[in-house]
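Just below is one structure, and these are the notes that go with it.
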Amino acid sequence: MAKTKTKKASAKKATAKKAATKKKAAGSSSSEEAASSKEDGKPSRPAPAFKPRADEDAGLDDDQMLELYGKLIDERVRVLRGLDKHLGEAVTDIDPLADEVDVATRHAEQAYLIRFADKERKLLREIDHALEKMREGDYGLCEGTDEPIGFPRLSVRPWTRYSVRYKEELEREKRSRQA
């Protein structure tokens, strides 16, 4: 019984040490990724590292671009935190004395967490792509048709690459290939 308590205590210490290391690493991220807190407790966004620019044909003004930039940064921070959390949970060790059912359950949980982290990684790539387009001044146009995407769609999903019309067309083509 004493050995079991010692093992559990050691595992808890190791987990706490990993969490502290992650927090320290998260605190040293760039100002673009980190969200600081105001005195009232609400998160504040750092000033943009660059002036977010839309393509001149997109029809987006400076205030809209700052709002979209802020949403991208907020989502990027959220996704990075989730990615770190899910990967951290997926790689934690299981109790070596666990029975086969516990081990199988843990493997299923790990597979789920890794799939979820992969989806987060893909979203992070889309967000970074949108930020790069803002940096270059190409933001706001559909990558399939070069037509303006529109602020309402970008406001809901600021990393989107396509207009609604073109995205629907892509989905119809995909369904027809599967049929």
Side-chain angles (χ1 to χ4, degrees), residues 15 17-38 41-55 58 60 62-93 106-171 173-174:
T15 304
K17 189 174 181 180
K18 285 180 185 177
T21 303
K22 285 182 185 179
K23 284 182 182 179
K24 186 177 179 182
S28 65
S29 62
S30 73
S31 63
E32 196 173 78
E33 296 170 6
S36 61
S37 292
K38 292 182 186 177
K42 293 181 183 177
S44 64
R45 293 185 189 122
F50 60 90
K51 182 179 189 257
R53 297 178 297 138
D55 187 280
L60 299 169
D62 289 345
D63 289 339
Q64 290 172 326
M65 286 303 298
L66 285 174
E67 180 180 335
L68 294 169
Y69 173 84
K71 286 182 177 190
L72 284 168
I73 294 301
D74 290 348
E75 186 67 9
R76 188 173 197 284
V77 168
R78 187 194 68 76
V79 170
L80 280 171
R81 286 183 182 147
L83 184 62
D84 285 345
K85 177 184 174 208
H86 294 117
L87 286 177
E89 289 174 7
V91 299
T92 55
D93 293 333
R106 180 63 184 144
H107 286 174
E109 289 172 2
Q110 286 175 323
Y112 169 77
L113 290 166
I114 289 171
R115 280 193 312 271
F116 196 72
D118 187 52
K119 287 182 180 185
E120 289 172 322
R121 183 188 52 79
K122 289 175 183 174
L123 177 55
L124 186 60
R125 195 170 41 212
E126 291 297 317
I127 292 168
D128 287 342
H129 178 76
L131 288 168
E132 184 60 29
K133 289 182 78 154
M134 282 184 171
R135 207 172 274 116
E136 294 173 358
D138 297 331
Y139 184 79
L141 294 183
C142 175
E143 291 182 11
T145 63
D146 284 335
E147 67 183 19
I149 294 175
F151 182 72
R153 176 161 170 78
L154 290 169
S155 184
V156 171
R157 192 177 173 127
W159 56 87
T160 192
R161 294 175 178 231
Y162 307 115
S163 65
V164 172
R165 187 173 57 85
Y166 187 72
K167 183 67 174 174
E168 288 172 347
E169 184 180 317
L170 289 174
E171 289 173 1
E173 288 176 11
K174 183 178 177 181

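Only a predicted model underlies this, so the values are computations on that prediction, with no experimental measurement involved.
- Once rounded to the nearest 0.5 Å, the distance linking CG of Asp146 with OG of Ser163 reads 10.5 Å.
- By the 4.5 Å heavy-atom criterion applied to side chains, Lys133 and Leu141 are not counted as neighbours.
- Between Tyr69 and Tyr139, the ring center distance fails the sub-6.0 Å criterion.
- The distance from the CD atom of Glu75 to the CG atom of Leu131 is 11.5 Å, given to the nearest 0.5 Å.
- Counting heavy atoms from C-beta outward, Lys71 and Leu154 have side chains that stay 4.5 Å or more apart.
- When side chains are defined from C-beta on, Glu67 does not count as touching Asp63, because their heavy atoms never get closer than 4.5 Å.
- The line from CZ of Arg76 to CG of Asp128 is 4.0 Å long, rounded to the nearest 0.5 Å.
- A heavy-atom distance below 4.5 Å is not found between the side chains of Arg121 and Leu87.
- For Lys122, the side-chain contact (heavy atoms from CB on, under 4.5 Å) test picks out Asp118, Arg125, with sequence neighbours left out.
- Using a 4.5 Å heavy-atom cutoff, the side chains of Glu169 and Thr145 are not in contact.
- Between Thr160 and Lys167 the shortest side-chain heavy-atom distance does not fall below 4.5 Å.
- Shown here are the side-chain hydrogen bond (donor to acceptor under 3.5 Å, both in side chains) partners of Glu126, two or more places apart in sequence or in another chain: Arg161.
- Between Asp55 atom CG and Cys142 atom SG the span is 12.0 Å, to the nearest 0.5 Å.
- Partners of Phe151 by ring-ring contact (aromatic ring centres under 6.0 Å, His included), not counting sequence neighbours: none found.
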Using the salt bridge (charged side-chain N to carboxylate O under 4.0 Å, His left out) rule, take Lys174 and Glu171 through it: C-alpha gap first, then chi angles, then the decisive distance, then the call. CA-CA 5 Å; Lys174 183 178 177 181; Glu171 289 173 1; over 6 Å; no
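- In this structure the side chain of Lys85 never reaches within 4.5 angstrom of the side chain of Glu120, judged on heavy atoms.
- No side-chain donor-acceptor contact under 3.5 Å links Arg53 to the backbone of Asp138.
- Ring geometry for Tyr162 versus Tyr166: interplanar angle of 30 to 60°, hence tilted.
- Summarising the geometry, atom CD belonging to Glu89 is positioned 11.5 Å from atom CD1 belonging to Ile114; distances are rounded to the nearest 0.5 Å.
- A heavy-atom distance below 4.5 Å is not found between the side chains of His86 and Lys119.
- Interatomic distance, Ile73 CD1 to Leu66 CG, rounded to the nearest 0.5 Å: 11.5 Å.
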